> 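Just passing along the structure, written as structure tokens.
Not measured: the values here are computed from a predicted model. Both counts, for ligands and for their atoms, begin at 1 and track the order of listing. All residue numbers in this chain count up from 1 along the given sequence.
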Amino acid sequence: MQSKGFVDLRSDTVTLPTEEMLEAMRHAELGDDVFREDPTVNRLEEMAAERMGKEAALLVTSGTQANLVSLMSNTRRGELVILEAESHMYWYEVGGLSAIAGLLPWLVRSSFGALDPRAVEAAIRPRNIHFPEPNLVCVENTHNRHGGTVITPKQLQAVGEVAEAHGLRFYMDGARVFNAAVALKVDVKELARHADSLMFCLSKGLSCPVGSVVVGTRDFVDRARRVRKVLGGGMRQAGVIAAAGIVALEKMVDRLGEDHVNARRLAEGIAKLKGIAVDIERVQTNMVIFDISGLGVADDVFLSRLREKGVCALTIAPNRVRLVTHRGIEKEHVAKAVAAIADVADELGRV
Ligand code: TLP
């Protein structure tokens, strides 16, 4: 949509590869990755492990596959997994955690996406013949449905300690963990170190066309490699994907800060509009979620009017619209989006 002149704020997944990525893909040295013979994949996996301060890494096709592979490599069927109630794994991954991994999700609510360690503790029931065995605690960082909120190292540490004390593993859906690191101005290792395993996405703010990476101990990644294979995710000359990932890790992380500045600009512009409410406190990275209940119109009417004015957005719940900034969204696009939202709110507010 962006290339058709739209300001596409539906997701950072819409980003296209950079010229440098396309060049790197064109010239990537390739081999059969199921035989572990793709040098470019091997290099990306080594880089990713090193970057996260973990022993090993595995390139997978998507964030959803990364989460499923990680769940299945961390648990056995019939076990219980503790998740934040708004987590992506629970909401948007087609129920794979139950349908495929055979797990019982046990939800813990939070106000900003960070699990309260006491609530996690309370969710871990004693080992008893009546209860499924709890084995895994999951966090999401940044937290998507909470508005791209950041979970700090301290918060992660507190939850990690509870998990460890009860013999549970600790996993982080770090689809946008580099956004969290940039927002907190910390090395991403500071976030990764509290989780036993995690994943991050190449195909979001980092602009790659495809791919996510699962990271953890060598043992865990060995299991994950087998699980990826059974899920049909063993790829052959996957160096074409990995080549873009290498460019992303080398060149694309620091620029995420620009997306955060633009999200804030967007939120501040929208917050002034009548009939629209933005919780500015949640605007911590590259997302803005705003409430349009004050306009009294159906979501699809709002979204289609916005699209007529050249701006694409999504809703994540009734009356709740999400905007995501990313590479290709500049100051002028933010201004265009704010103006379009103002016009639509004005027109619909008068009806
Ligand atoms: N999120 C997408 C959509 O699925 C909603 C988006 O546009 O935000 N974990 C988190 C925290 C995510 O936000 C996503 C993607 C995933 C996992 C899954 O990644 P993909 O889309 O690569 O399967």
> Under 30°, 30 to 60°, or over 60°: which ring-plane class applies to H88 and Y92, parallel, tilted or perpendicular?
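The arrangement is tilted - the two ring planes meet at 30° to 60°.
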
> Does P134 reach the side chain of H166, with side-chain heavy atoms less than 4.5 Å apart?
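No. Closest side-chain heavy atoms not under 4.5 Å.
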
> Would you mind writing out a table of all protein N or O atoms found under 3.5 Å from any N or O atom of ligand 1, naming both atoms and giving the distance to 0.1 Å?
from: ligand 1; atom 1: 1 (N); to: H88; atom 2: NE2; distance (Å): 3.0
from: ligand 1; atom 1: 4 (O); to: H88; atom 2: NE2; distance (Å): 2.9
from: ligand 1; atom 1: 7 (O); to: S11; atom 2: OG; distance (Å): 2.7
from: ligand 1; atom 1: 7 (O); to: R322; atom 2: NH2; distance (Å): 2.9
from: ligand 1; atom 1: 8 (O); to: N144; atom 2: ND2; distance (Å): 2.9
from: ligand 1; atom 1: 8 (O); to: R176; atom 2: NH2; distance (Å): 2.9
from: ligand 1; atom 1: 8 (O); to: R322; atom 2: NH1; distance (Å): 2.9
from: ligand 1; atom 1: 8 (O); to: R322; atom 2: NH2; distance (Å): 3.4
from: ligand 1; atom 1: 9 (N); to: D173; atom 2: OD1; distance (Å): 3.2
from: ligand 1; atom 1: 9 (N); to: D173; atom 2: OD2; distance (Å): 2.7
from: ligand 1; atom 1: 13 (O); to: N144; atom 2: ND2; distance (Å): 2.8
from: ligand 1; atom 1: 13 (O); to: R176; atom 2: NH1; distance (Å): 2.8
from: ligand 1; atom 1: 19 (O); to: K204; atom 2: NZ; distance (Å): 3.0
from: ligand 1; atom 1: 22 (O); to: G63; atom 2: N; distance (Å): 2.8
from: ligand 1; atom 1: 22 (O); to: K204; atom 2: NZ; distance (Å): 3.4
from: ligand 1; atom 1: 23 (O); to: G63; atom 2: N; distance (Å): 3.4
from: ligand 1; atom 1: 23 (O); to: T64; atom 2: N; distance (Å): 2.8
from: ligand 1; atom 1: 23 (O); to: T64; atom 2: OG1; distance (Å): 2.6

> Taking atom types as modelled and ignoring hydrogens, do the side chains of R327 and S207 form a donor-acceptor contact shorter than 3.5 angstrom?
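Result is yes, a qualifying pair exists.
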
> Output, in order, the C-alpha distance, side-chain angles, deciding distance and verdict of side chain to side chain contact (heavy atoms under 4.5 Å, CB included) for T315 and R320.
CA-CA 5 Å; T315 47; R320 291 171 69 74; 6.0 Å; no

> Looking at F112, does the NZ or CZ of R282 lie under 6.0 angstrom from its six-membered ring centre and within 45 degrees of the ring axis?
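Yes.
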
> Tell me whether the count of non-hydrogen atoms from other residues, nucleotides or ligands lying under 6.0 Å of CD in E281 goes above 12.
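Counting other residues, nucleotides and ligands, CD of E281 stays at 12 neighbours or fewer.
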
